[in-house]
Amino acid sequence: MTTFHDEVQKARAKYPTRRSAVMDALRLAQGRHGWLSPDAIREVADALEETPAYCHSIASFYDMYHLEPIGTHMVEVCTNLSCALAGAQRVLDAFADALGVRPGGTTDDGEVTLRAIECAGGCGRAPVVVVDHVYHEPVRAEDVPEIVARLRGA
Ligand code: FES
């Protein structure tokens, strides 16, 4: 069985310096644990012979790393300019109502985390919603109940 340390060493070999491998190592840790707990950050730091503070500084800078536990599913609503102009706030509010959770939170059953995100790169088809890494575009508030029903049934 491949250990986390082995995985990181394999990833590290692709980069010119061990520091360059930190994002890949964080991704691997998050894949294993679902989020980056202080223990997971320490594991990354040990594998790269870096400090936990350095690894945490990278993890806390980028939006795709989760420093808190997240739900089994992730709903991300882009609220940046193009999506905002196309009604993203109504879409976000509709998800919050349907899921019973505020943006940034996770449903009580731990199933779904709802987030507002910056530009998802789909501005031409705003507003954009990303559900478990799958883009839905454009999404209207009226579409939300069906998306949530599918998510809950998945
Ligand atoms: S502003 Fe929403 S995808 Fe670009």
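Count residues from 1 along the sequence. Computed over heavy atoms, backbone and side chain alike; hydrogens, waters and symmetry mates excluded.
The two atoms that bring Cys55 and Ala45 nearest to each other are SG-CA, 3.7 Å, heavy atoms only. Across Ala47 and Phe4, no two heavy atoms sit closer than the pair CB-CE2, 4.4 Å. The minimum heavy-atom distance linking Ser82 with Cys123 is given by the pair OG-CB, 3.6 Å. Closest of all the heavy-atom pairs between Pro127 and Gly87 is CG-C, 4.4 Å. The two residues Ile41 and Pro52 have their closest heavy-atom pair at CG2-O, 3.6 Å. Minimum heavy-atom separation, Val44 to Ala29: CG2-CB, 3.6 Å.
Salt bridge present: Arg32 and Glu7 bring a charged side-chain N and a carboxylate O closer than 4.0 Å. No salt bridge links Glu111 with Arg152; every basic N to acidic carboxylate O contact stays at or beyond 4.0 Å. A salt bridge links Asp24 to Arg27: one of the charged nitrogens lies within less than 4.0 Å of a carboxylate oxygen.
Atom SG of Cys78 is separated from atom CZ of Arg115 by 12.0 Å, given to the nearest 0.5 angstrom. To the nearest 0.5 Å, atoms CG (Leu36) and OH (Tyr65) are separated by 8.0 Å. The structure places CG of Asp97 at 9.5 Å from CG of Leu92, a figure rounded to the nearest 0.5 Å. Separation of atoms CG (Leu26) and CD (Glu43) is listed at 11.0 Å; rounding is to 0.5 Å. In this structure, CZ in Arg12 is found 7.5 Å from NE2 in His5, a value given to the nearest 0.5 Å. In this structure, CD in Glu137 is found 12.5 Å from CG in Asp143, a value given to the nearest 0.5 Å.
No single ILVMFWY cluster, assembled from side-chain heavy atoms under 4.5 Å apart, contains both Met64 and Tyr135. By the rule that hydrophobic residues join a cluster once side-chain heavy atoms approach within less than 4.5 Å of another member, Tyr62 and Val8 end up as members of one cluster. Under the 4.5 Å side-chain heavy-atom criterion for ILVMFWY residues, a single connected hydrophobic cluster contains both Leu28 and Met23. In terms of hydrophobic clustering, with Ile, Leu, Val, Met, Phe, Trp and Tyr side chains grouped at heavy-atom distances under 4.5 Å, Val128 and Val112 are assigned to different clusters. One hydrophobic cluster, built from ILVMFWY side chains closer than 4.5 Å, holds both Leu48 and Leu67.
With a 6.0 Å radius and a threshold of 12 heavy atoms from other residues, nucleotides or ligands, Arg140 has its CZ atom above the threshold.
Ser60 has its side chain within reach of His56: a pair of non-hydrogen atoms, C-beta onward, lies under 4.5 Å apart.
A donor and an acceptor atom, one from each side chain of Thr107 and Asp109, are located under 3.5 Å apart.
For the pairing with Val75, the side-chain contact (heavy atoms from CB on, under 4.5 Å) check across Val144, Leu151, Ile147, Thr113 returns one residue only, Leu151.
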